[in-house]
Every structure is written in C-alpha cells, then in structure tokens.
Amino acid sequence: MLDSRMLRLAPGLVLGALLPLPNAWAQGAAPATTLQPVTVTAGALADAELPPPYAGGQVAQGARLGLMGNQDVMDTPFNVTSYTSELIQNQQARTLADVMANDPSVRFTTSSGHAYENFRIRGFDVNQNDVAVNGMFGLAPMGRTPLEFVERVEVLKGPNALFSGMAPSGAVGGTVNLVPKRAGDTPNVTYGVNWQSDGQLGTTIDAGRRFGAGNEWGARVNGSFSDGATTLDGQSRKREFLSAGLDYRGSALTASLDAYHSQESFKGGTPAMFWFGGSVVPDAPDPRINQFSTGYGNVQSNAVIARGEYRFNDSVSAFAGVGRRDSHQSGLINGTHARQIDANGNFTGSIIGQRAYTDATSAEAGLRSRFKTVSVGHELVLQASVLDLEDGSATGPASTFRSNIYDPITPVMPPVPGSAPKTSENTLSSLALVDTMSFFDDALRVTGGLRNQRVKTTNFDKTGSKTSRYDEDAVTPAVAVVVKPWGPDVSLYANYVQGLSKGDSVTDTTASNYGEVFAPYKTEQKEVGVKWNAGTFTNTVALFQIDKPMLVTEGSTANPTYADGGEKRVRGVEWNTFGELAQGVRVLGGVTYTQGKQTKTSFGRYDGNTAVGAPRWQVNTGLEWDTPWVPGLTLTGRVQATSSQYADSANKLEIPGWGQLDLGARYATQVNGRDVVLRLNVNNVFDRHYYSGIFSDTTPIATLGPARTVTASASISF
C-alpha cells in the first residue's frame with residue numbers, strides 16, 4: 001500500500017523548491033493566475049494539450065472523448081461540457097457536487113454533505129466510483145471528490161463503453177473525467193482563505209512554475225486545509241488535501257506524474273436519506289436537523305498516476321498511463337437511512353460501525369495513427385486497458401432506535417471494527433479499436449469501433465474462502481456521425497452507443513436459479529442533436545433514448561426464476577448553453593425534459609409506470625454580469641429547479657417539485673500590485689426545505705436538499 005507520509009513529503013519537497021521567496025516567481029514577468037491558452041491543431045490533441053477556454057471562461061472549447069483524446073466540442077458526436085478551473089474558483093466549488101450543480105442533466109442521489117457524492121445523469125445512476133482521472137477509472141479520490149488539483153471537470157452524457165471502457169459501477173447515464181492542473185508558462189502563486197457557514201475556516205495554496213531552457217519541465221502544487229462546524233447541527237468536518245503535478249513537454253515526448261493525499265473526517269453526525277414506509281410522503285425536514293448526531297467517520301485516499309505520449313512523427317503516436325490508488329473508510333459511512341418513515345415522521349434508525357478499503361491499479365496503453373486513404377482522413381486508435389480492484393469491508397454490531405425526523409433522539413454509535421478482511425477482487429480488462437473518418441474537408445466525420453470487455457470477479461467470506469466467481473465478456477459497438485453542412489459553426493450529430501455494466505447474481509435462496517450469474521448488461525443509447533457556435537456562446541440541443549436491462553422475476557412468487565429481461569427506458573430532450581451573451585454577460589446551464597418508463601417489470605406488474613427518480617423537468621441556469629459602474633465587480637445568480645418525481649415503482653409515493661435560488665458576487669482588484677479577488681456566494685437563498693432526489697430504483701428513499709449556505713473567500717496572487 002502507499003504510505004501517506006511519502007505522498008505528503010513529495011509535494012512538500014516540490015513546494016520548497018518552488019517557493020523560496022514569493023518575489024522569485026515574477027522574474028520580471030507580469031503576475032498570472034491562469035494557464036496559458038494552447039493552440040488547437042487539427043484532429044485529436046495530445047493528452048497534455050487542453051482545448052482552450054471558450055468565451056466567458058466558464059467552459060472549454062473541447063473535452064476528452066475517452067481513448068480518442070481531446071476533441072473540439074463541435075467535432076464531438078455527444079453532448080459534452082468541460083467546466084474550467086475559473087468556474088471552480090469563482091463558484092468556490094469545494095467538491096465535485098458543487099460543479100455538477102451547473103448541469104441540467106445531473107441530479108444527486110445522496111443528501112448534501114454526505115460522506116459520498118453519487119449522481120444521476122439522464123435518469124441513470126453514476127456512482128462516485130465511476131469518476132475518471134485523465135480517462136482512467138479507479139484513481140479519483142473516494143468520497144466527496146476535492147477539486148483543488150483539478151483544471152477541468154468534463155461531463156460526457158450517455159453510455160460510452162467503447163470510448164472509456166466499462167466503469168466500475170457501470171456509469172450508464174454518462175461519465176465524469178477530471179483533468180489535473182499543470183504549470184503555466186508564467187510562474188504563479190495564489191494564497192487563499194475561506195469561510196463557510198456555520199463555521200468552516202480554511203486556507204489554500206496553488207503554485208506553479210516551469211523550468212528548463214524551453215520551459216519543458218513544469219511543477220504544480222495545490223494544498224488546502226479546513227476545519228469547523230457545518231450547517232448540520234452539531235457536526236464538525238475537517239479536510240486536508242495536498243497534491244503535486246509534474247510534467248514534461250518536449251518536441252516528441254509529453255509526460256506527467258501526479259500524486260495526491262486526500263482526507264476528510266467528520267464527527268457529531270452525518271446527513272440522512274429518508275426511506276418512506278407508508279403511502280404518505282411527510283414534509284421534508286429542515287436539513288440542519290441531525291438524525292444521526294453521534295455518527296463519525298473518515299475517508300482517506302492516496303494516489304500516484306503517471307502518463308506519457310510519444311509522437312514518432314506527425315502521423316503516429318503512442319500513449320500509456322498507469323496509476324495506483326489506496327483508499328480507506330471507517331465509521332458511519334454507509335446506511336445512513338431514516339427507515340420506514342410514517343406520515344408523522346416517526347422512523348426506525350440503525351447505526352452500524354464500518355471499516356472498508358479499496359485498492360485500485362489502473363493502466364492503459366495504445367497507438368494513434370492519422371493518415372489518408374485517397375481523400376478520406378483517418379484517426380485510428382488501438383487501446384488496451386485494465387483496472388484491478390481489491391475491496392475489503394467489515395461491519396460491527398448494529399445500534400437500532402426509534403426516532404422522529406423533526407425531533408430526533410440522540411442515538412448510540414457502536415464501535416468500529418479494528419480491521420477489514422478482503423471481500424472481493426475485480427478485474428476489468430478490455431481491447432478497443434476505433435476509427436474516425438473525415439470527408440469533404442472535415443465537413444463529415446464518421447466514427448465507428450468495437451470494444452471487447454472482460455469482467456472477472458471473485459468474492460470471499462470472512463475466513464478468506466472463495467464464495468463465488470464471475471468471468472464474463474461482451475463486445476460493445478458504437479457508431480457516430482458529425483455533419484457540418486453550413487460551415488464549422490453548425491454541427492449536426494447522431495450516435496448509437498452501448499454501455500456496459502456488470503450482470504447481476506441471483507442471491508435469493510428460494511429462487512429456482514439460485515447462484516446464476518448473468519452476462520454483463522448492455523445499455524443502448526440512440527441520440528441525435530445539433531450544436532450551434534454563435535461566436536461567443538454555444539448551444540446544444542439533443543434528443544436521446546436510453547434502454548437499460550434490469551433484473552426481474554418470473555414464474556411463481558413462492559419459487560421465482562430470475563431473468564435479465566427487465567428494462568427501464570428514458571427518453572429526453574436537452575438544451576445546454578454556455579458562453580458570453582454580450583460584453584460582460586455570461587450564461588451557463590440549460591433545460592432537460594425526460595420521460596422515464598418502466599417498460600418491462602416483474603410479472604408485468606408495473607409495465608408502463610413512470611420510472612423511479614425520473615422527473616419530467618430539470619432546469620439549471622446561471623448568469624454572470626460584470627457591472628459597468630464598479631470595475632472588477634461581478635454579480636452572479638443561478639436557478640435550479642426540478643419537477644415532481646416518484647419514489648416507488650407503483651407510483652404511489654411522490655416527492656414534490658422544488659426550486660432553489662443561488663446568488664453571489666466577486667470583486668477583483670489590485671493591492672500593492674498583487675491581484676486580489678474577494679468572493680461571496682449564498683446557495684439556497686430562501687432556505688427552502690425539500691426532498692431533492694431519489695437514492696435508489698428499488699427502494700423508496702429520498703435525498704434532502706442543502707440548507708442555506710454562505711461561502712466567502714479572499715485570494716491574493718504573486
């Protein structure tokens with residue numbers, strides 16, 4: 001396992017070399033706090049070359065399309081958004097959930113402030129395990145993903161097993177990719193202090209510098225520390241993060257090495273999810289009320305990631321990456337459910353002390369070739385990947401209690417096990433071949449390919465004996481088209497892609513096929529859309545349908561037979577926009593309309609019912625305005641809204657729609673020649689209390705929206 005002390009030491013040595021004196025950074029150059037733009041070349045960019053920010057700076061001009069590398073958004077046959085570090089800083093986003101709140105296709109399946117952050121994209125679950133770093137799964141920090149080391153948060157909507165491989169938990173609705181920060185050509189150091197209600201104090205540092213005759217070597221260090229009370233009554237939370245990113249950019253070789261240490265601990269309680277037990281949904285409680293006030297926990301991750309790409313010539317390049325992440329969790333991490341809630345808010349609770357770990361090793365290697373056959377251009381990619389996961393867990397005795405969601409008791413927190421035995425080993429390996437063909441001077445682009453994915457799983461009991469094995473493989477195809485009939489500013493696109501998730505095992509001992517293991521589930525997406533680049537703002541309109549297989553029961557209820565013939569279908573229309581509407585006026589967000597259906601259910605009982613956790617309308621729209629009367633002053637606002645949604649398959653339990661207003665302001669100025677930025681954000685301005693989403697497709701569990709939260713910060717750059 002990785003030693004966290006080594007990870008703390010390595011960034012410290014780099015920081016010491018980078019920061020002898022703040023004045024040493026300038027060396028006659030003007031201070032800068034952002035990376036320098038990179039010139040975009042035709043075709044895919046190298047891994048180290050990021051698409052530059054789009055007008056307004058909140059979103060980039062392109063994003064990573066899995067093994068295809070970085071692609072311009074107008075050349076990408078999917079709905080994709082790449083959020084920049086500028087947006088992260090200005091919105092004072094601390095974790096991944098803060099950034100995802102800008103996307104109308106995304107909703108959360110854990111209550112705000114929970115130890116884990118899970119999502120729904122296009123109506124399907126995307127687990128926090130399914131977040132990638134530079135295109136590789138299994139390497140992102142566990143729990144509430146920190147953003148101090150992140151340059152871009154890229155959200156690619158829809159299943160895409162061909163381009164990204166199978167995510168550990170399936171990631172049917174889409175994938176999220178994190179791009180680490182790199183040093184810019186101009187040295188910079190930014191110090192910051194921050195405060196968040198109801199008493200979180202923190203500090204940050206972001207330092208970057210390049211070395212060598214041609215600035216070929218770079219180092220970027222990020223660190224943060226915060227501690228104090230949160231909006232959940234009685235809870236305190238401490239988080240520490242430290243990362244170092246080293247990179248080399250030569251004429252033929254680009255390479256990088258990233259290391260991070262992330263740890264977050266809490267005591268005095270944790271947010272709950274709400275499991276309805278009757279036919280009535282009680283009013284949502286104040287999110288400040290602490291249902292599990294004695295709970296405590298800790299989530300820690302350490303990782304090292306290396307990547308490289310070598311260009312043999314203008315036509316052929318090779319790339320490879322390898323990474324290792326160790327993570328550990330302990331305390332009240334999972335199962336924070338207020339169970340069987342009645343109409344008056346009475347519920348049964350259960351606290352179980354847990355200890356768990358996940359060790360992940362991820363690697364990929366491949367070749368890219370760009371060539372022409374007659375008048376047809378080709379971008380051919382061959383990639384092999386493997387992800388090894390080892391999981392261990394242990395649970396202690398349960399402490400059960402009766403309580404009320406509006407007036408909870410003080411429960412007893414049981415002890416946490418001292419160790420966690422290995423419970424499973426998983427290996428996800430794959431081989432993919434993809435070709436993008438371009439015709440008529442790039443006015444027509446056709447992408448097609450195949451990926452063979454193998455899934456191997458072994459489960460163990462407490463003694464270490466094997467209890468079950470799983471070894472299945474599947475081939476997932478994809479085809480996509482981009483047409484630019486009126487020039488580069490309008491793209492018409494279509495795609496047919498398949499997602500892949502691990503097949504279920506029959507664990508019901510009364511079943512006629514107890515122990516059967518099903519092949520990996522293939523999720524299908526059909527999508528058409530149009531993208532319009534109006535010069536300073538871009539719009540995407542997408543129509544999509546996703547069909548996902550699900551486990552159902554057949555035969556008699558007393559001795560059922562399980563089959564993978566169930567199905568959930570989501571159809572929808574998305575409109576996304578970003579950019580600058582006018583000088584100093586920026587827009588970000590959009591609207592999503594979906595129709596989720598249960599098309600094939602057990603015994604046909606709920607065929608045709610609305611899918612669980614599939615609201616018809618979702619809206620996220622934000623505006624920024626640089627005020628003309630006070631130079632440097634920017635006012636911001638964002639509206640989030642969701643229509644009602646069902647919590648159960650029978651469509652008898654429905655949580656009401658909700659809306660939330662967020663406001664903010666920032667002021668950029670100079671003090672003694674140094675760039676200073678003051679920021680203030682207020683989320684959920686009117687302090688609405690509401691159920692925000694649904695935790696599970698199979699149980700009626702709702703999540704809770706955040707309490708009103710005030711965040712303030714000040715930063716100074718050298």
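- Of the possible polar contacts, one joining the R210 side chain to the E216 backbone as a donor-acceptor pair under 3.5 Å is found.
- Looking at K548, its side chain never comes within 3.5 Å of a backbone N or O of E524 through a donor-acceptor pair.
- Although no hydrogens or angles enter the test, the distance criterion places a donor-acceptor pair under 3.5 Å between the side chain of N118 and the main chain of Q128.
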Exercise for the section: Begin from the C-alpha positions of R638 and E624 and carry the test salt bridge (Lys or Arg N to Asp or Glu O under 4.0 Å) through to its verdict. Expected result: CA-CA 9 Å; R638 181 177 63 193; E624 291 192 346; over 6 Å; no

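- When atom types are taken as modelled, the side chain of T594 and the backbone of P615 share a donor-acceptor pair closer than 3.5 angstrom.
- For Y116 against T110, the heavy-atom pair with the smallest separation is O-OG1, 3.0 Å.
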Exercise for the section: Determine, stepwise, if the pair F319 / Y310 fulfils ring-ring contact (aromatic ring centres under 6.0 Å, His included). Expected result: CA-CA 6 Å; F319 61 91; Y310 186 82; over 10 Å; no

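- The backbone N or O of M68 lies less than 3.5 Å from a partner atom in the side chain of Q71, making a donor-acceptor pair.
- The shortest distance between side-chain heavy atoms of I546 and F544 falls below 4.5 Å.
- Taking the charged nitrogens against the carboxylate oxygens, D247 and R220 have no contact shorter than 4.0 Å, which rules out a salt bridge.
- The two atoms that bring M136 and I305 nearest to each other are CE-CG2, 3.8 Å, heavy atoms only.
- Of all the heavy atoms in A494 and V528, the pair that sits closest is CB-CG1, 3.8 Å.
- In this pair, F537 and W532 present their aromatic rings perpendicular. The plane angle is above 60°, beyond the 30 to 60° band.
- The backbone N or O of A161 sits less than 3.5 Å from a side-chain atom of R451, completing a donor-acceptor pair.
- Side chain of R445 to main chain of V481: no donor-acceptor pair is present (N/O by atom type, distance under 3.5 Å, no hydrogens or angles).
- Checked against the 6.0 Å centroid criterion, the rings of F241 and F149 qualify as a close aromatic pair.
- The backbone N or O of M166 lies less than 3.5 Å from a partner atom in the side chain of Q453, making a donor-acceptor pair.
- Residues F137 and G165 approach most closely at CE1-O, 3.8 Å, considering heavy atoms.
- Under the 3.5 Å distance criterion, the side-chain polar atoms of T84 are matched with a main-chain donor or acceptor of Q58.
- Residues P180 and N134 are in side-chain contact: their nearest non-hydrogen atoms beyond the backbone lie under 4.5 Å apart.
- At distances below 3.5 Å, not a single donor-acceptor pair connects side-chain atoms of E580 with backbone N or O atoms of R586.
- D75 and K484 are joined by a salt bridge, as a carboxylate oxygen and a charged side-chain nitrogen come within less than 4.0 angstrom of each other.
- Closest approach of A534 to Y54, counting heavy atoms only: N-OH, 4.4 Å.
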